[in-house]
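Chain letters run A, B, ... following the sequence lines, proteins first, then strands; residues in each count from 1. These numbers come from a predicted model, not from an experiment. Heavy atoms only: backbone and side chains are in, while hydrogens, waters and symmetry mates are out.
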Amino acid sequence: MRIATWNINSLRARTDRLLALLERHEIDVIALQEIKAKPEQLDLSGLEAAGYEVAAHGLNQWNGVAIASRIGLSDVHTQLPDVPTWPEEEDGVVEARALGALVGGAEGTSPGLRLWSLYIPNGREIDHPHYGYKLRWLEALRAEGARELAADAQAPVLLTGDFNVAPEDEDVWSMEFFEGKTHVTEPERAAFRAVVDEGYADLVRPDHPGPQVYTYWDYQQLRFPKKEGMRIDFALGSPAVQNAYRASFIDREERKGKGASDHAPVVVDLEF
DNA sequence: ATGTCGAACGAAGTTCGA
């Protein structure tokens with residue numbers, strides 16, 4: 001089972017790149033973030049023709065998450081339990097930042113995997129209300145992760161997506177540059193570690209240690225050609241998924257050329 | 001040149017978010 005995660009930065013603007021990516025790497029399941037559209041605005045005919053079932057959750061031009069699977073897709077959830085709303089005023093809403101589904105398990109090939117496509121809030125500035133929202137959002141994710149394993153310690157669960165946190169100093173191109181900025185602060189890293197500590201390991205890092213291993217490069221300032229990136233996209237697997245892990249890679253090629261997303265896809269191979 | 005990009009709104013260019 002080959003599973004990918006990718007912050008696509010608009011599904012409508014990059015449907016062709018997505019179809020090519022799925023074909024190039026023979027991806028069974030992909031978790032997408034920042035689809036930037038409502039489901040009814042999407043043309044899913046290409047994906048469906050390629051054999052994928054698609055679940056998409058988007059409320060407006062911001063955020064939005066989706067899962068496409070060619071090995072089964074069921075039991076879809078469009079939000080994490082107890083997730084905070086934004087903005088924090090009375091008219092705040094639960095943003096489209098999480099989509100959960102059961103994938104695989106089709107044709108008796110493998111057990112069903114609980115997959116979450118996650119787009120953690122950016123945080124904006126450390127003194128902005130969005131930063132506190134980000135920390136509370138990560139706490140809701142930790143709680144959901146804990147619930148899953150409390151119900152069944154051997155449940156195959158994969159928490160994947162754009163975490164907007166660089167957990168280690170080596171995950172950014174310059175700690176000096178990020179001084180006083182979001183993504184690298186201790187509270188964000190502690191919130192990330194709290195998810196890991198519930199039993200969800202970073203599947204990719206052991207095979208692809210840093211420094212200078214990144215999944216995101218800002219469009220601005222020629223960050224990609226200058227190799228000035230960040231590792232902020234992760235696949236965190238429960239113990240059963242850790243046992244099933246076989247290999248992984250970050251598709252840096254996808255960041256190249258005209259019309260690239262600012263994130264590279266992360267691909268993980270599992271064998272149950 | 002903040003060395004950028006996508007979407008909304010609305011019909012060209014500004015605004016927001018990242």
Side-chain angles (χ1 to χ4, degrees), chain A residues 5-21 31-44 56-66 83-89 91-98 117-138 161-167 171-174 176-185 188 191-192 214-234 251-266:
Chain A
T5 183
W6 188 27
N7 181 323
I8 193 171
N9 187 21
S10 169
L11 176 49
R12 284 177 291 177
R14 257 173 281 286
T15 296
D16 290 348
R17 272 189 178 256
L18 173 60
L19 293 171
L21 175 81
L32 299 169
Q33 299 85 38
E34 284 208 87
I35 66 169
K36 290 188 168 178
K38 303 171 194 174
E40 61 266 30
Q41 294 176 299
L42 300 172
D43 176 6
L44 302 176
H57 178 46
L59 302 174
N60 49 42
Q61 70 269 44
W62 296 301
N63 316 310
V65 279
V83 76
T85 54
W86 182 263
E88 295 172 306
E89 288 83 58
D91 59 343
V93 300
V94 174
E95 295 186 302
R97 294 181 176 276
S117 178
L118 304 163
Y119 180 46
I120 280 73
N122 173 287
R124 301 185 186 172
E125 311 291 336
I126 57 177
D127 57 354
H128 193 285
H130 209 259
Y131 179 80
Y133 170 55
K134 178 181 195 173
L135 297 178
R136 288 189 293 279
W137 208 99
L138 282 164
D162 177 0
F163 283 71
N164 269 318
V165 176
D171 296 335
V172 294
W173 61 274
S174 164
E176 215 168 86
F177 177 84
F178 280 94
E179 175 77 34
K181 294 188 172 72
T182 60
H183 293 60
V184 301
T185 67
E188 289 165 276
F192 181 90
Y214 306 129
T215 64
Y216 163 86
W217 300 260
D218 199 316
Y219 285 127
Q220 302 187 53
Q221 310 282 40
L222 297 176
R223 293 293 183 217
F224 185 65
K226 291 196 285 195
K227 305 185 190 308
E228 296 175 344
M230 307 170 74
R231 192 204 296 247
I232 55 176
D233 299 87
F234 297 97
D251 184 14
R252 274 187 78 261
E253 295 300 307
E254 180 53 49
R255 182 62 181 77
K256 296 180 180 176
K258 191 171 170 59
S261 168
D262 42 2
H263 292 252
V266 179

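Using modelled atom types, no side-chain atom of Thr215(A) and backbone atom of Ala264(A) make a donor-acceptor pair closer than 3.5 Å.
Here the C1' atom of nucleotide dA18(B) and the CZ atom of Phe178(A) are 12 Å apart, to the nearest Å. When rounded to the nearest whole Å, the span between NZ of Lys181(A) and P of dG17(B) equals 19 Å. At whole-Å resolution of the value, CD in Glu34(A) and C1' in dA7(B) are 11 Å apart. Atom C1' of nucleotide dG17(B) and atom CG of Asp162(A) are separated by 13 Å, given to the nearest angstrom. For Trp86(A) and dC16(B), the CH2 to P distance is 15 Å, given to the nearest whole Å. Here the C1' atom of nucleotide dG6(B) and the CG atom of Asp218(A) are 14 Å apart, to the nearest Å. Atom pair His128(A):NE2 and dA18(B):P shows a separation of 9 Å (rounding to whole Å applied). Atoms CZ (Arg223(A)) and C1' (dC5(B)) sit 15 Å apart, rounded to a whole Å.
Aromatic ring centres of Tyr133(A) and His130(A) lie closer together than 6.0 Å.
Rounded to whole Å, the separation between the C1' atoms of dT15(B) and dG10(B) comes to 13 Å. For dA7(B) and dA12(B), the C1' atoms lie 16 Å apart once the distance is rounded to whole Å. Taking atom C1' on both nucleotides, dA18(B) is separated from dT2(B) by 14 Å, rounded to a whole Å.
With sequence neighbours excluded, no residue forms a ring-ring contact (aromatic ring centres under 6.0 Å, His included) with His57(A). Looking at residues two or more places apart in sequence or on another chain, you find no salt bridge (charged side-chain N to carboxylate O under 4.0 Å, His left out) involving Asp262(A).
Base pairing in DNA chain B gives the following stems of 3 or more Watson-Crick or G-U pairs, range against range and under 3.5 Å: B:4-9 with B:13-18.
Side chain to side chain, Glu254(A) and Ser261(A) fail the donor-acceptor criterion of an N or O pair below 3.5 Å. Under 3.5 Å, the side chains of Asn122(A) and Lys134(A) contain no donor-acceptor pair of N or O atoms.
The side chain of Tyr219(A) lies closest to dT4(B), out of dT4(B), dA8(B), dG6(B). In the set dA18(B), dA8(B), dG6(B), the nucleotide with an atom closest to the side chain of Tyr119(A) is dA18(B). Among the nucleotides dA18(B), dA8(B), dC16(B), the one closest to the side chain of Gln61(A) is dA8(B). When each of dA18(B), dA7(B), dA8(B) is scored by its nearest atom to the side-chain atoms of Gln41(A), the top-ranked nucleotide is dA8(B).
Positionally, the nearest nucleotide of DNA chain B for Arg14(A) lies more toward the 5' end than for the other of Trp62(A) and Arg14(A). Projected onto DNA chain B by closest heavy-atom contact, His130(A) and Lys36(A) fall at different nucleotides, the more 5' of which corresponds to Lys36(A).
Between His183(A) and Tyr216(A) the shortest side-chain heavy-atom distance does not fall below 4.5 Å.
The distance from the CD atom of Gln61(A) to the CD1 atom of Ile35(A) is 12.5 Å, given to the nearest 0.5 Å.
Among the atoms of the strands shown, only primed sugar atoms or phosphate atoms (P, OP1, OP2) are found under 4.0 Å from some heavy atom of Arg12(A).
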